[in-house]
There are 2 protein chains.
Amino acid sequence: MLPLEKEHITNIAYDTVIFGFTGDKLKILILEYQNSGLFALPGGFIRRDENLYDAVKRGVRERTGLDKIHLEQFHTFGKKNRDSSYPFKKIAAGKGYPITSDHWVLDRFITVGYYALIDYNQVKPTPDKFSDSIAWHSIDKLPPLMIDHEEIVQKAIEAIRNDLGKKPIGTNLLPKKFTMKELQKVYEIILNKEFRRTTFQRKMLSLDFLKRHEKLYTGAANKAPYLYSFDESKEGKE
Amino acid sequence: MLPLEKEHITNIAYDTVIFGFTGDKLKILILEYQNSGLFALPGGFIRRDENLYDAVKRGVRERTGLDKIHLEQFHTFGKKNRDSSYPFKKIAAGKGYPITSDHWVLDRFITVGYYALIDYNQVKPTPDKFSDSIAWHSIDKLPPLMIDHEEIVQKAIEAIRNDLGKKPIGTNLLPKKFTMKELQKVYEIILNKEFRRTTFQRKMLSLDFLKRHEKLYTGAANKAPYLYSFDESKEGKE
DNA sequence: TATTATTGTATCAAATTGATACAATAACAA
DNA sequence: TTGTTATTGTATCAATTTGATACAATAATA
């Protein structure tokens, strides 16, 4: 069944850009609607008795199984021609749901964009009842997305670029313990800029928010790197 | 008359934090509703056939008379208890408008926050039909604002702090020509941090986006400072 | 024990910023 | 005209940060 009007506030929705880091690439979760061949960001409606933030959190939890995630609002999209009538009609038709042309989900929608940062290896992507699949896609190789979702992704990337260094971006994309090389890769991908290994390491260490742990022996025939974690007693410095 | 439901999209509105620089203080425009003693940010509803951005622009134009203004969206506020039923009932009662308890303007509202930067001296603040007065208030001495408008102001200040150096903040708060001292004051107030005069001047000049003009003779018994303007051929560097 | 591909730091040069000094005014008063 | 005073614009040198390079210290493996 389609979502009920009386339970939700109308004309406003949210969409989430859920980032994960594979150790090599930044990826985001994209879902494909059933019977439509349409790719979209995971999004949803806001219940009348629910804070906007909680609605987004619920949506991310349902799709990833994760509860503690870093969520950050970045932009609200309000062009007058923003509506989902094409995809919703297609979905409804495919499922055999009745839908009238004045149904509230077909109306104009303003959407609030959030980005989420999660540990890629902890996630089990789970499709919702309207989507066939939900899967990771590299940000430099996305399928064509519906409505303005490509613009939303671009704004999300700009936002995380802007927040890197101000908010704990690295912490949330990386596992608890990570190598300096992995941290550098996160910075390079987000800022789209390469760093000199020695300068990067010196700078990060001088900022004094990393805790050094044991070495990581991978079996490679060379010097093993140290593992680091973010020192929570020194937050907000990253 | 109250705004009509059929002309607007429901549950969503905007509020604007309009900044002006007096040469000494950062101020924002606050309006006071008639018959209510309530202070609020200038805001409004979005017409069904209007882009969100255009709605905000229209609102700022109506209140300031200015058309070319720097508008920047910064955050959307979506707590579940956000509504304007108290002020709207008070206004309607004062004006003798009939209003039923299920009127759309009394429902829950999500609001999109924008900040505007304008040249303080170019503005004629103009009250709208629901407000007695609209006036400049220094950001460090605001009256108590309704609902969550104080939080909105705080977020706006954080946003402009964050954007300083990335977006043309100075350009839009200062008149066409200004002295280095005025520019420094803008930076100091926004960042809440003092700068050394000589270092600030050297840094600004080295960034190569200022054009030097004639000197400003004020009658003061000391060396006259140069006037500067932002060099539009070198934008985006500020 | 030699070989190879890293990793962690040291070192020195280059660039940026901090701190201070000082000459060059613009009005006014003597 | 010549001091006087409060700025303003730059120069100067020290301190800090960043860029570039070198090199010793590994971790497997031959």
Side-chain angles (χ1 to χ4, degrees), chain A residues 22-24 161 164-166 170 174-231 234 236-238, chain B residues 22-24 161 164-166 170 174-231 234 236-238:
Chain A
T22 63
D24 178 49
R161 185 170 293 160
L164 185 65
K166 286 174 205 131
L174 290 165
K176 280 259 178 307
K177 292 182 182 177
F178 48 88
T179 63
M180 190 63 77
K181 198 169 206 167
E182 290 173 310
L183 183 62
Q184 184 174 344
K185 192 80 193 179
V186 169
Y187 273 73
E188 291 183 336
I189 286 188
I190 292 178
L191 299 176
N192 192 27
K193 179 179 187 307
E194 305 216 322
F195 293 98
R196 192 169 294 276
R197 180 182 64 89
T198 56
T199 314
F200 183 83
Q201 166 139 334
R202 179 177 56 188
K203 183 66 183 170
M204 287 297 133
L205 292 178
S206 80
L207 290 177
D208 196 37
F209 59 70
L210 293 176
K211 206 150 114 188
R212 182 176 277 182
H213 299 277
E214 72 280 8
K215 289 185 156 203
L216 173 69
Y217 299 94
T218 61
N222 50 43
K223 189 171 178 180
Y226 286 107
L227 284 169
Y228 295 89
S229 68
F230 289 93
D231 189 340
K234 288 163 181 169
K237 289 192 179 177
E238 182 186 351
Chain B
T22 63
D24 178 49
R161 184 171 294 160
L164 185 65
K166 285 175 205 129
L174 290 166
K176 280 258 178 307
K177 292 182 181 178
F178 49 87
T179 62
M180 191 60 79
K181 197 169 207 167
E182 291 173 309
L183 183 62
Q184 183 174 344
K185 192 81 193 180
V186 169
Y187 272 72
E188 291 183 333
I189 287 187
I190 291 178
L191 299 176
N192 192 27
K193 179 179 186 309
E194 305 216 322
F195 293 97
R196 191 169 295 276
R197 180 183 65 88
T198 55
T199 315
F200 183 83
Q201 167 138 334
R202 178 176 57 188
K203 182 66 184 169
M204 287 298 133
L205 292 178
S206 79
L207 289 177
D208 196 37
F209 58 71
L210 292 176
K211 206 151 116 188
R212 183 177 276 183
H213 298 277
E214 72 280 9
K215 290 186 156 203
L216 172 69
Y217 299 93
T218 61
N222 51 43
K223 190 172 179 180
Y226 286 108
L227 285 168
Y228 295 89
S229 68
F230 290 93
D231 188 340
K234 287 164 182 169
K237 288 193 180 176
E238 182 186 349

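Just so we're on the same page: letters track the sequence lines, and every chain starts at 1.
Protein atom CG of L210(B) is 16 Å distant from nucleotide atom P of dT8(D), rounded to whole Å. In this entry the distance linking CZ of F195(B) with P of dG18(C) reads 9 Å, nearest Å. Separating the CZ atom of R196(A) from the C1' atom of dT18(D) is a distance of 10 Å, rounded to the nearest angstrom. Taking atom OH of Y217(A) as the reference point, atom C1' of dT6(C) lies 14 Å away to the nearest angstrom. The nearest whole Å value for the distance from the CE atom in M204(A) to the P atom in dT9(C) is 15 Å. The nearest whole Å value for the distance from the NZ atom in K215(A) to the P atom in dA28(D) is 10 Å. Counting to the nearest Å, the P atom of dT7(D) and the CE atom of M180(B) are 18 Å from each other. Taking atom OH on Y226(A) and atom P on dT6(C), their separation rounds to 19 Å, with Å as the unit.
Heavy-atom distances to DNA chain C give each of K181(A) and A221(B) a nearest nucleotide, and the one nearer the 5′ end belongs to K181(A). Projected onto DNA chain C by closest heavy-atom contact, K223(B) and L227(A) fall at different nucleotides, the more 5' of which corresponds to L227(A). Ranked by how close their nearest DNA chain D nucleotide is to the 5' end, T218(A) and R197(A) are led by R197(A).
The aromatic rings of F200(A) and F195(A) sit tilted, their planes meeting at an angle between 30° and 60°.
For K215(A), the NZ atom sits in a packed shell: over 12 heavy atoms of surrounding residues, nucleotides or ligands are nearer than 6.0 Å. Residue-environment remark: CD (E194(B)) stays at or below the threshold of 12 foreign heavy atoms within 6.0 Å.
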Worked verdict on Y228(A) versus F209(A) for ring-ring contact (aromatic ring centres under 6.0 Å, His included) = CA-CA 10 Å; Y228(A) 295 89; F209(A) 59 70; over 10 Å; no

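Nearest to the side-chain atoms of T199(A) among the listed nucleotides dG8(C), dA27(D), dT18(D) stands dT18(D). Side-chain atoms of N222(A) lie closest to dA27(D) of the nucleotides dT9(C), dA26(C), dA27(D).
Between dT17(D) and K203(A), no contact under 4.0 Å exists linking OP1 or OP2 to a side-chain N or O.
On a pure distance criterion of 3.5 Å, a polar donor-acceptor pair joins the side chain of T198(B) and the base of dT20(C). Judged by atom type and distance alone, R202(B) does not reach the base of dG9(D) through any side-chain donor-acceptor pair under 3.5 Å.
The backbone N or O of T179(A) sits less than 3.5 Å from a side-chain atom of E182(A), completing a donor-acceptor pair.
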